[in-house]
Number of protein chains: 2
Amino acid sequence: KKRILVTGGAGFIGSHLVDRLMDEGHMVIVVDSLFTGKKSNLERHYNSPRFEFIRHDVIDPISLEVDQIYHLACPASPIHYKYNPIHTLKTSFLGTYNMLGLAKRTHARFLITSTSEVYGDPLVHPQHEEYWGNVNPIGERSCYDEGKRVAETLCYDFKRQNGVDIRIARIFNTYGPRMALNDGRVVSNFVGQALRGEQLTVQGSGNQTRSFCYVSDQVDGLIKLMNTEDVDGPVNIGNPHEFTIRELADVVKKAVDPNVEITYTPLTPDDPKQRKPDITKAKDVLGWEPGVELMDGLKLMTVDFKERIRNGD
Amino acid sequence: KKRILVTGGAGFIGSHLVDRLMDEGHMVIVVDSLFTGKKSNLERHYNSPRFEFIRHDVIDPISLEVDQIYHLACPASPIHYKYNPIHTLKTSFLGTYNMLGLAKRTHARFLITSTSEVYGDPLVHPQHEEYWGNVNPIGERSCYDEGKRVAETLCYDFKRQNGVDIRIARIFNTYGPRMALNDGRVVSNFVGQALRGEQLTVQGSGNQTRSFCYVSDQVDGLIKLMNTEDVDGPVNIGNPHEFTIRELADVVKKAVDPNVEITYTPLTPDDPKQRKPDITKAKDVLGWEPGVELMDGLKLMTVDFKERIRNGD
Ligand SMILES: NC(=O)c1ccc[n+]([C@@H]2O[C@H](COP(=O)([O-])OP(=O)(O)OC[C@H]3O[C@@H](n4cnc5c(N)ncnc54)[C@H](O)[C@@H]3O)[C@@H](O)[C@H]2O)c1
Ligand SMILES: NC(=O)c1ccc[n+]([C@@H]2O[C@H](COP(=O)([O-])OP(=O)(O)OC[C@H]3O[C@@H](n4cnc5c(N)ncnc54)[C@H](O)[C@@H]3O)[C@@H](O)[C@H]2O)c1
Ligand SMILES: O=c1ccn([C@@H]2O[C@H](COP(=O)(O)OP(=O)(O)O)[C@@H](O)[C@H]2O)c(=O)[nH]1
Ligand SMILES: O=c1ccn([C@@H]2O[C@H](COP(=O)(O)OP(=O)(O)O)[C@@H](O)[C@H]2O)c(=O)[nH]1
Ligand SMILES: O=c1ccn([C@@H]2O[C@H](COP(=O)(O)OP(=O)(O)O)[C@@H](O)[C@H]2O)c(=O)[nH]1
Ligand SMILES: O=c1ccn([C@@H]2O[C@H](COP(=O)(O)OP(=O)(O)O)[C@@H](O)[C@H]2O)c(=O)[nH]1
């Protein structure tokens, strides 16, 4: 059994990861500023002696004794990361720097959740890990995209310069229970809208594509990546099944409410036109691939969203 | 007359910039850690009451009262920026963050010397400012390239979030007197080698291209960029005359010593294959273009190098 730090553990993906690590019997420490996360996502663990929550912003140093670090702390949805772009950049740079410093001192293995956004608006399709990306350095999304790119650089330089054992997961769009209802992301928006009987807001033409990974598959991939020896280089973790946003709207209608309507709203700047992970490396190196179909995942998510909307979340 | 801060002012480009600003009658403060710079580059100014030198690393905050900030502090040549990649990243991120904080507090106009390396190994030729680049986020050059990209992001976010008046110069390869003799860059290597009667070390095939800007032209461009109102977006400052490295070797031979020989050595990783600035924007917006031909610039540089080599620099 290990002592495991999960930064951002009160958030969407982080809390599911914590559930799994607790189920496996580990000691888990969550460090989270609660900028977007919620203590309620972790409520089942507060009375466990193997669990601890620390309210802390990773832009400041912190001293802990651990064996593994899952570094997730970072706002993930456009409305949250654009809320205070300078703080987003500091979170990516200083947060990663501090957690790498901690990993260096404790000799802990370090995993960061990077993102498909490092590929930007990709000119290569599907995206494999060797692709260097097409990212606007000075746009409104740059605080997130460039922040994650330089966080990856830091990881590699801590590996090369200090021998820190690092793992980089490049996560593609992930959905499931506990997504913030107000995070503005397409799946949470559509499911929330369908449940409230509102129109689904398709931005732009709706011909842009994304590939949606259910959160249990995602967590599975992260744990495999952490615990596989000698993984070199970043690994894409995502579902390669690609949908246009219009197709997604149709699946949400089928899964939640066939009578709901679609409305078209303006596209945000620098929105990537297509995105689909090449997961050959994850299959080969980790023996991982996702198993949950979109329709099934949406139904599981809808149960959670229905209850939270009813409770006024 | 203005109070002007020049970070990195003891370096190659910085010291030429300081000469110009002092000639124009301004008060000049240089902040420099002397990592690669030298006090001797500034010796003619030490007895002026309008001049001050502060030994300080920009990764730490500093409080000064100024009207303009030229932020150059950053190692610029591959051997220097690879010497301590983590410190290079901190210089780009924290150094720029601190200087932007200073600009915000003092309402100073802020200019950063970014680089053609933000275009990486470019797939668009020549490189114009709208091109998003082709940069490896996790390679050996990434501490510099990604560091500068995220520094640009910071500038834009300080502009959008705090109204800081920013200027971004994307500098292309610049050469001239006071280049460090040991910085490993192609022009300083070739001129030094030719003067010592050593073979010119052409890396790889020598078919890769660069475009070389003489330092007085460069400084001219930076000062114009700082003092032109309402410049939006980054501006390339460089010489569009493109040479292969083999052609450069031939010009150096002609300028310094026709009898010197060429030898071929291995290429370093991720070396960009071609580079040439599109300077349409600098011409249109600043009314700037370079005037010094390579042969003439090399001769001026050779006078300086000859004397420094003789003095055992
Ligand atoms: N959800 C996705 O589709 C997706 C896609 C790509 C990458 N990711 C990455 O996965 C990670 C988790 O994303 P998520 O979807 O669970 O988002 P989330 O917003 O639900 O979780 C992020 C957590 O980090 C915390 N946090 C943010 N800034 C912090 C700081 N400075 N200090 C301490 N805690 C801080 C938040 O409070 C929150 O609990 C992020 O790193 C994100 O970039 C997610
Ligand atoms: N020379 C070129 O061809 C070229 C090309 C593109 C961009 N640039 C940029 O122009 C600027 C100046 O480059 P240069 O060629 O004069 O290099 P240089 O190495 O001669 O000058 C850099 C100066 O910054 C100082 N410095 C470095 N790190 C510092 C830190 N953390 N705190 C304080 N001072 C620090 C050094 O001591 C040095 O005096 C750099 O920002 C560089 O990235 C130069
Ligand atoms: O247990 C630790 C060890 C380090 N750090 C921080 O991690 C960063 C990098 O640490 P490192 O020791 O590599 O850097 P240094 O202090 O040598 O620059 C610094 O901000 C440290 O304060 C931390 O937060 N917890
Ligand atoms: O209500 C919404 C929210 C998002 N989108 C689109 O869905 C895609 C995914 O957006 P999201 O913010 O979920 O994630 P990201 O762009 O970060 O992949 C983008 O093309 C958005 O324009 C949409 O059509 N309607
Ligand atoms: O005169 C100044 C003003 C600010 N800063 C530094 O610039 C950074 C950003 O300053 P800002 O006020 O924007 O940031 P905040 O302190 O509000 O996070 C901080 O590290 C400050 O210490 C500085 O070095 N000199
Ligand atoms: O002694 C040298 C030093 C550099 N180069 C080549 O010259 C080009 C410019 O290298 P430099 O380090 O001057 O600048 P940068 O690569 O940053 O443009 C690169 O293709 C190098 O491979 C070379 O052929 N011989």
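We use all heavy atoms of the structure for the numbers below, so side chains are in, but hydrogens, waters and symmetry mates are not.
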Trainee: So, for B:Phe110 and B:Cys155, which heavy atoms are closest and what is the spacing to 0.1 Å?
Mentor: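 Closest heavy-atom pair between B:Phe110 and B:Cys155: CE2-SG, 3.6 Å.
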Trainee: B:Glu130 versus chain A, heavy atoms under 4.5 Å apart: side chain, backbone, both or neither?
Mentor: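 B:Glu130 has no heavy atom closer than 4.5 Å to chain A.
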Trainee: Please classify the contact of B:Leu123 with chain A as side chain, backbone, both or neither, using a heavy-atom distance under 4.5 Å.
Mentor: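 B:Leu123 has no heavy atom closer than 4.5 Å to chain A.
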Trainee: Will you find, in the side chains of A:His107 and A:Asp67, an N or O donor that is under 3.5 Å from an N or O acceptor?
Mentor: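 Absent: no donor and acceptor within the cut-off.
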Trainee: Would you say A:Arg160's side chain and B:Gly139's backbone share a donor-acceptor pair under 3.5 angstrom?
Mentor: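 At least one qualifying donor-acceptor pair exists.
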Trainee: Under 3.5 Å, is there a donor-acceptor pair between the side chain of A:Arg275 and the main chain of A:Gly120?
Mentor: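 It does not hold such a pair.
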Trainee: For chain B, which candidate among A:Leu154, A:Ile168, A:Asn84, A:Leu94 shows the most heavy-atom pairs at distances under 4.5 Å?
Mentor: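 Counting heavy-atom pairs under 4.5 Å, the top option is A:Asn84.
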Trainee: Mind ranking A:Gly133, A:Ser142, A:Pro85 by heavy-atom pairs under 4.5 Å with chain B and telling me who comes out on top?
Mentor: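 Highest number of pairs under 4.5 Å: A:Pro85.
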Trainee: Let me know if A:Lys90 has heavy atoms under 4.5 Å from chain B in its side chain, its backbone, both or neither.
Mentor: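 Both backbone and side chain.
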Trainee: Among A:Lys224, A:Arg167, A:Arg109, which residue satisfies the salt bridge (Lys or Arg N to Asp or Glu O under 4.0 Å) criterion with A:Glu229?
Mentor: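 That would be A:Arg109; it is the only one of A:Lys224, A:Arg167, A:Arg109 passing the salt bridge (Lys or Arg N to Asp or Glu O under 4.0 Å) with A:Glu229.
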Trainee: At a heavy-atom distance under 4.5 Å, which candidate from B:Asn136, B:Asn162, B:Val150 has the highest pair count against chain A?
Mentor: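 Counting heavy-atom pairs under 4.5 Å, the top option is B:Asn136.
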Trainee: If you measure only the distance, is there a donor-acceptor pair under 3.5 Å linking the side chains of B:Gln274 and B:Asp121?
Mentor: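 Result is no, nothing qualifies.
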Trainee: Against chain B, work out which of A:Thr88, A:Asp145, A:Val135 has the most heavy-atom pairs shorter than 4.5 Å and name it.
Mentor: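 Among A:Thr88, A:Asp145, A:Val135, the one with the most close pairs to chain B is A:Val135.
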Trainee: Examine whether an atom of B:Glu152 lies under 4.5 Å from a heavy atom of chain A, and if so say whether it belongs to the side chain, the backbone or both; otherwise answer neither.
Mentor: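 Both backbone and side chain.
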Trainee: Give the ring-plane orientation class for B:His80 versus B:Phe35, where under 30° counts as parallel, over 60° as perpendicular and anything between as tilted.
Mentor: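 Perpendicular, since the angle between the ring planes exceeds 60°.
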Trainee: Measuring heavy-atom distances to chain A, does B:Phe158 have an atom under 4.5 Å in its side chain, in its backbone, in both, or in neither?
Mentor: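 Both parts, heavy atoms under 4.5 Å.
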